[in-house]
Every structure is written in C-alpha cells, then in structure tokens.
Amino acid sequence: MIDIKFIRENPDLVRASQKGRGEDPIIVDQVLAADTARRDAIVEFEALRAQQNLLSKSVGAAKGNERLALLEEGKVLSAQVKAADARRSEAEKRMHQFALLLSNVLDPEAPIGGEADFLLLEHVGTPRDFVAEGFEPKDHVELGKLLGAIDTERGAKVSGARFFYLTGVGALLEFALVNYAISSAVKAGLIPVIPPVLVNPPAMEGTGFLGQAAEDIYRLEKDDCYLVGTSEVPLAAFHMDEILDAEKLPLRYAGYSTCFRREAGAYGKDTRGIIRVHQFDKVEMFTFCRPENAGVEHQRILQWEKDFLNAMEIPFRVIDVASGDLGASAARKFDCEAWIPTQGTYREVTSTSNCTEFQARRLNIRMRDGKNTSHVATLNGTAVAVPRMIVAILENHQNADGTVNVPKALQPFLSMTRFELV
RNA sequence: GGUGGCGUGUCUGAGCGGCCAAAAGAGCACGCCUCGAAAGCGUGUGUUGGGGAAACUCAACCGUGGGUUCAAAUCCCACCGCCACCGCCA
C-alpha cells in the first residue's frame, strides 16, 4: 500500500508509476476521490459524536424532567451518530479497497517497459563450449534419469503434471544446497527460520500476493487459508502488527520452506523437467530495515545471490528487471539468470526485490525511532531455489558420459566429488 | 472434539455501566542529589485518524465483529487466540 499522503501530494508520480507497470492510472483518481469522501464522512461523524459525548455527560448530572428531555434528545442523536458511523466505515472501506489496487511506486532507476526491456547489468563466468569439448550436452531430465536423481514420470503419476520426486543423489543434492545456503546465511548474520507454509488471509494479502498474483496461489477454501508460494510471505508477516526497535534494525532472516505455485497461465511453458513446478523448496532471505538503507541493502542481498552462484561455479548474468515485469510490491528487482546449456539461454534462478515500505504498510510493521514511529522497508531475495539450481548444476557440470562433477563448495556437504551413473 | 478459565498500554496488573486513555508497580527518558554511580526524590512517557501554519483541539482504540443503552473496557451474542484438564492421535 502506498501512503495516502504521498498520493495526495504526488498524484502524477503515482500515475506515471502505474503507467510504467502497464497498469491503470485511473485508480489514482479513484483513490483520491474515495479519500475525499472518506474525510468528509469522518468530519461529519466526529462532529455528531462529540455532540453526543457532551450530551451523555450532562445526562448523568441532570434530574427529573430535565433528565427525561435530555434522554429524548439523546435517542435522536444516537440514531444520527449510528448512521454517520455507518457512512464513515463504508467510506473508509471503499478507500482502502481502492488503495489496495495500487502497486508500489517504481524506483526511478528501474527500467521502463515490458518483460523484454530489462537492463543487462553484467555477465559473470563463461558458458562451456561443448562443441570444442566434442559432445552434445544432455538436458537435466536425461541427466536426472541417468543419475537416478529426478523422477518426473512418477511425480506425474502420483500428483500430476509439474510434480517430481528427487531420489538418491538428487535428494542428497537438495540437502547439500540447503545446508550450504543456510550456513552461508548464518555466517552473514541472518537468522535461520523454518516458517509455516499455510497462512491466513491477512498475511497473504499484506504481502501483496492477492492482487494480480492471486491466480497463482493455492487456497484451501474449507479452512480459509493459503499455501505460500514463497517463504517471503510468512517471513514478511512474521512481524505483522509490530513496532520494531529502530536500534535493532536491520533484522535479517533466512527462511527455508516448501513453495506452492499453481502456475496458472503457464500452460505449455517449460513443460519438460523441473524448471517450472507446482511444489519446490527454497531458501529465502528477508530483511526489515530503515527505508533510507533499503537501496544499499538491496545491493547487499544481490551480492549474496551472486556469491552463491559463483560458489556453484555457474555462468550467469544479472538483469535489472523492467517495470512491467515487477511484482506489485516491488519498486525494483534484480534477477540472476543462470546459463542453461541445452536451452542456449539464461534462465532466472534467483531474484531480489526492494519493496520499500509497501508491504510494511499493508502488514502494519513499524519502527520506533526515538519518539516517532514510521514504517520499515522490506526486501527479499532468493538464496537458493532448489530445482532450478539442480538444473543449472547438472547441465553445466556434466561430463560426456552423463556423470556430473560436484562444485567444490558442495563437496563437504555431499562427501562426494562426482555424481555417478546408476 | 469436550469442559473450565483468561484476553486491558513496553511489561506486570487493577478496573466490571457515566467522574476511565484507563489505578498501582516495573521499565524507559529527562532533571535534582553525587567526585561518579547505585539508592532516593521530582517530572514526563501509547497508537491511529480528522481539523489547524502552529500552540492546540476533536474523534477512535481495553482480542475481533455485532448488539443493548442517552452513555460500554465494564452487560449480551458470535468468532478468534491463549492456558488448564479430559478424550483422540502421534
């Protein structure tokens, strides 16, 4: 949610931001109109209420006929107050609903445009030249079978399309990736967290996923709760309705959880393998910090993501995601894309977003700084999304015979240097 | 799932129809005292929203949502959460 005062004072900026995202700028005017109506309703209600309070006080002191007259007057006033209160809460609800439709204001640095208009920031590492090495690289599905690591057929049999089993070294590889990610995070001072993956509506809405992203979320109607698509949700909501001590900021967490995604609208996209699946595990980094430090924190998280990919010895590039491709909560987002040899292209493996105060305002998370309270900024970033990292590792580190070399950083966690054929 | 108890400010905890934003204590901040500290004394110390240039002022908030009443932290109903015991399961 955007600060209503900010919208009042900078309507053009917010309109421009909406346009940049390819979203409707008219919402800004609807919010402003609803805000004016809301304030009028408040004034009306409060004047009546003050009058009623005054009258009610005089009733206690009054006696006899005077008292009876006051009671009559009170009844009339009471009805008026009730009506005005109903109008007020209706106006507030309306204004709130409109405000929820607005996405976060774009960072002025964020490139404007659609998915293809990202800004390429850097390339790290060089893709292997399989032609020079004299063999055709196998894709992760084939490698996964040869190594006894990935079983998508049984995943489909038991759960449906886009489900999979990790078996043998595949399962071990997940544990190694998670252990490496968590131990790196702890070394960097993050607090490791295993959050709930089933959350209630306020947590989901506050994090900003019930807008355009709602279609992609599993909902358990019977119990009125949602399966999270990322541990960003329970981590953000961890401090919901709290006032944090500004001295203790930044607060940094690393959450390990399963993620559930319906992948609605992704029909026909990445149907092979485990690039796009309904259920996977991920280690997510999350920061609560002072708004003025959010930009620096964003760079810090990006650096941790790069460190991870470098440790996995994977060639990758970093992009500054374009405005039209940002989530509703993000003011700016950087993606790290790993080189996938059999696709001949870079694919997103990690991503970090600066949500400024947008989520904190929805989730009511503030900091106390001396006498003042104000909203904190929130940021999130992927430490490791397991399936995509497995794809990148298998494909980039494969040998001609289908065996796969284990990156040095993972060897201590796996007690092996190579994945052998089964 | 059943029964009983409880949900009040940063915390503990009183209040159980109007005089209650809410006692008291703790904590915190400032001041006095002191060479300095502790103790002691004094003062202050919630959030949100409206109006106002400001001083300030008005309103709302005692788990959440309804209701009764001129008036609700206080009475009634529903829901949520916590605790205890029982049952069930691991």
Side-chain angles (χ1 to χ4, degrees), chain A residues 1-9 31-100 102 194-206 210 219-226 234 237-249 251 288 290-291 357-376:
Chain A
M1 188 147 43
I2 309 172
D3 185 7
I4 184 63
K5 279 185 197 127
F6 183 88
I7 303 174
R8 285 204 285 258
E9 286 158 22
V31 169
L32 288 174
D35 177 48
T36 306
R38 163 182 152 268
R39 286 196 285 170
D40 290 346
I42 287 174
V43 169
E44 192 197 355
F45 162 74
E46 288 189 352
L48 282 166
R49 186 69 169 141
Q51 207 182 324
Q52 188 192 32
N53 284 344
L54 228 56
L55 184 90
S56 287
K57 272 191 186 130
S58 64
V59 168
K63 297 253 184 327
N65 283 343
E66 193 190 343
R67 185 185 168 97
L68 287 175
L70 285 174
L71 285 181
E72 271 314 302
E73 202 183 324
K75 262 182 197 159
V76 175
L77 205 47
S78 175
Q80 288 176 337
V81 166
K82 202 169 171 182
D85 191 27
R87 283 195 295 276
R88 180 192 57 88
S89 74
E90 189 52 44
E92 286 185 338
K93 208 193 288 173
R94 197 175 147 75
M95 136 96 188
H96 187 70
Q97 276 164 355
F98 277 121
L100 283 180
L102 285 176
I194 297 175
V197 292
L198 227 39
V199 301
N200 57 27
M204 193 53 95
E205 176 170 301
L210 287 189
R219 168 146 189 246
L220 304 187
E221 199 157 345
K222 204 169 175 184
D223 300 286
D224 197 20
C225 62
Y226 300 92
F238 188 58
H239 287 301
M240 179 161 58
D241 294 323
E242 292 180 26
I243 300 178
L244 308 172
D245 183 353
E247 299 290 313
K248 300 225 165 75
L249 298 176
L251 283 170
F288 299 87
R290 307 176 78 106
E357 296 107 293
F358 186 85
Q359 280 179 337
R361 198 168 277 115
R362 288 174 166 229
L363 290 165
N364 191 27
I365 303 172
R366 290 166 293 169
M367 60 175 184
R368 192 187 310 283
D369 189 10
K371 264 205 79 71
N372 300 316
T373 58
S374 56
H375 291 96
V376 299

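Quick caveat: nothing in here was measured; it's all calculated off a predicted structure. Chain letters run A, B, ... following the sequence lines, proteins first and then strands; every chain starts at 1.
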(message) I'd like to know if the side chain of Gln52(A) pairs up with that of Arg49(A) as donor and acceptor (distance under 3.5 Å, no hydrogens or angles considered).
(response) yes
(request) In whole angstrom, give the distance that lies between atom NZ of Lys5(A) and atom P of G51(B). (result) 10 Å
(message) Whether Asp85(A) and Lys82(A) form a salt bridge (side-chain N of Lys/Arg under 4.0 Å from carboxylate O of Asp/Glu) is what I want to check.
(response) no
(message) Just to be sure I understand the rule, does Arg38(A) reach a base, reach only the sugar-phosphate, or reach nothing, if contact means heavy atoms closer than 4.0 Å?
(response) sugar-phosphate
(message) I'd like to know if Arg88(A) and Glu92(A) make a salt bridge, using a cut-off of under 4.0 Å between side-chain N and carboxylate O.
(response) yes
(request) Would you sort out whether Arg8(A) and Asp35(A) count as a side-chain contact (heavy atoms from CB on, under 4.5 Å), showing the intermediate values? (result) CA-CA 9 Å; Arg8(A) 285 204 285 258; Asp35(A) 177 48; 2.6 Å; yes
(request) Pick the P atom in C83(B) and in A29(B), then give their distance to the nearest Å. (result) 33 Å
(request) Figure out the CG/C1' separation between Asn53(A) and G18(B), and round it to whole Å. (result) 11 Å
(message) Any strand counts, and the cut-off is 3.5 Å on both contacts for Watson-Crick or G-U wobble. Which nucleotide pairs with C75(B)?
(response) G67(B)
(message) Both Glu72(A) and Ala47(A) contact RNA chain B. Taking the nearest nucleotide for each, which residue is further toward the 5' end?
(response) Ala47(A)
(message) Nearest to the Ala50(A) side chain among A72(B), G49(B), C58(B), which nucleotide is it?
(response) C58(B)
(request) Name the closest nucleotide to the Ser56(A) side chain, picking from C70(B), G49(B), A60(B). (result) C70(B)
(message) Of the listed nucleotides (U48(B), A60(B), G51(B)), which one gets closest to any side-chain atom of Arg39(A)?
(response) G51(B)
(message) Side chain of Ser78(A), heavy atoms from C-beta onward: which of U68(B), C70(B), G50(B) has the nearest atom to it?
(response) C70(B)
(message) With rounding to the closest Å, how many angstrom separate the C1' atoms on A78(B) and C86(B)?
(response) 26 Å
(request) Would you mind classifying the nucleic acid contact of Leu71(A) as base, sugar-phosphate or nothing, using non-hydrogen atoms under 4.0 angstrom? (result) base
(request) Using atom NZ of Lys248(A) as one end and atom C1' of U10(B) as the other, report the distance to the nearest whole Å. (result) 11 Å
(message) Rounded to whole Å, please give me the gap between NZ in Lys75(A) and C1' in U68(B).
(response) 12 Å
(message) Regarding Gln52(A), tell me which of base, sugar-phosphate or nothing describes its non-hydrogen contacts under 4.0 Å with the strands shown.
(response) sugar-phosphate
(request) For the side chain of Ile42(A), starting at C-beta, report the closest nucleotide among U68(B), G50(B), A72(B). (result) G50(B)
(message) Between A26(B) and G44(B), how many Å separate the two P atoms, rounded to a whole number?
(response) 16 Å
(request) Let me know, please, whether Phe45(A) or Ser374(A) comes out on the 5' side of the other along RNA chain B by nearest nucleotide. (result) Ser374(A)
(message) Distance criterion of 3.5 Å, no angle test: do you see the side chain of Glu46(A) paired donor-to-acceptor with the base of G49(B)?
(response) yes
